[in-house]
Amino acid sequence: MHDNVYVEKQQHIVDFAFNKDVVAVFPDMIRRSVPGYETIIPMTGLIAARHLGDSGTAYDLGCSLGASTLAVLQQSQEQNIRVVGVDNSAAMIEGAIAQITDTRAIFQCADLLRTSVSGAKVVILNFVAQFLAPDERLDLFTRLHEQMHPDGLLIVSEKVRSPDPAIQTIFDDTHLDWKRANGYSELEVSQKRQALENVMKVDTEAMQLQRFAAAGFTTSKQWYRCLNWASFLVYKQLPTS
Ligand code: GEK
């Protein structure tokens, strides 16, 4: 379904929320708004499935409609793996359950800040930590580090900002042009921007890497970047070959 959430002029722009209107158009919205989404999700599936091997549990925190969950399952024939998708939007979880029938997937409507990932070999946070309050982020990653399997791998994708204002402006302007090229009008672009202002606080790449280290992860590497969207592989212990 086509994303028309911000097509009409709104009298009051309310903070962006993952409500029923957004859920109905979500796949179209995220594909046309997040540069690299269509590369990051299938690669997440591939990387996570390789890391899981023949058994073990992956958590897809902030799973929305389960795109990353499905990507993992599509890359693995193993019957002893599980992917637990967690989201605190009931409408998202209802949509995920309706669409993904693979019995290796389990969906939970819950706050990821209160969800245990005990023993997880893989935890995926694709475009989610950016919606948490900045002072909750280090505590979350520290707890994930504590709870995950000793060989645990985190896959984290985020919007980032550049410390260099000139680069930030170039990337931002290019992103807006890309959204226009994807069919969004000036009104849609500016109303969405206003709606996101209070709910999305974005860190730099250096802040992300620093936080992973502070949480206890030994190795983190940005494996993908398109403008201000980045994805990181974050290891408790780098596997030895
Ligand atoms: C994808 N990963 O398609 N607890 C649980 N869920 C949360 C919380 C929380 N505290 N805060 C936000 N969410 C998906 C895309 S979208 C990204 C993720 C975007 C959920 C929220 O309900 C929404 O479904 C998701 O995080 C963020 O790869 O829309 O830009």
Taking atom [atom1] of [X] and atom [atom2] of [Y], what is their separation to the nearest 0.5 Å?
X	Y	atom1	atom2	answer
L138	L132	CG	CG	12.5 Å
L140	H145	CG	NE2	13.0 Å
E78	R104	CD	CZ	8.5 Å
L61	T115	CG	OG1	6.5 Å
I81	S76	CD1	OG	3.5 Å
Q77	D54	CD	CG	13.5 Å

Any heavy-atom pair between the side chains of [Y] and [X] that's under 4.5 Å?
X	Y	result
F141	L125	yes
R225	V160	yes
S116	Q147	yes
L153	K121	no
S231	Q222	no
S64	D87	yes
M43	I41	no
V84	Q108	yes

Within a reach of under 6.0 Å around CZ of R50, are more than 12 heavy atoms found that belong to other residues, nucleotides or ligands?
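At most 12 heavy atoms, drawn from other residues, nucleotides or ligands, come within 6.0 Å of this atom.
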
Per ring-ring contact (aromatic ring centres under 6.0 Å, His included), F232 is matched among W223, Y224, F217, F212 by F212

What are the two closest non-hydrogen atoms of [X] and [Y], and how far apart are they?
X	Y	value
M92	L65	O-CD2, 3.5 Å
V117	M148	CG2-CG, 4.1 Å
V86	A110	CG1-O, 3.5 Å
H51	V122	CD2-CG2, 3.8 Å
F127	I40	CZ-CD1, 3.7 Å
N228	R161	OD1-CA, 4.3 Å

Under 3.5 Å, is there a donor-acceptor pair between the S55 and N80 side chains?
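No, N80 and S55 have no side-chain donor paired with an acceptor closer than 3.5 Å.
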
Cationic N near anionic O, under 4.0 Å, D139 to R143
no

For the pair R137 and D203, find out whether any cationic side-chain nitrogen is under 4.0 Å from an anionic carboxylate oxygen.
yes

Backbone of [Y] reached by a side-chain donor or acceptor of [X] within 3.5 Å:
X	Y	answer
Q130	E158	no
T204	S162	no
Q75	V72	no
D111	N88	no

Same apolar cluster (I L V M F W Y, side chains within < 4.5 Å links), [X]/[Y]:
X	Y	result
V34	Y184	yes
Y235	L46	yes
L238	L52	yes
V83	I100	no
M207	L209	no

Yes or no on side-chain contact (heavy atoms from CB on, under 4.5 Å) for W229 and S157, after CA distance, side-chain angles and deciding distance?
CA-CA 7 Å; W229 280 263; S157 307; over 6 Å; no

Audit row: K236, T218, side-chain contact (heavy atoms from CB on, under 4.5 Å) steps and yes/no:
CA-CA 5 Å; K236 273 185 95 157; T218 61; 5.9 Å; no

side-chain contact (heavy atoms from CB on, under 4.5 Å) assessment of Y37 paired with R32
CA-CA 9 Å; Y37 183 79; R32 290 198 289 143; over 6 Å; no

Apply side-chain contact (heavy atoms from CB on, under 4.5 Å) to residues I155 and V123 and explain how you reach the verdict.
CA-CA 6 Å; I155 303 173; V123 174; over 6 Å; no

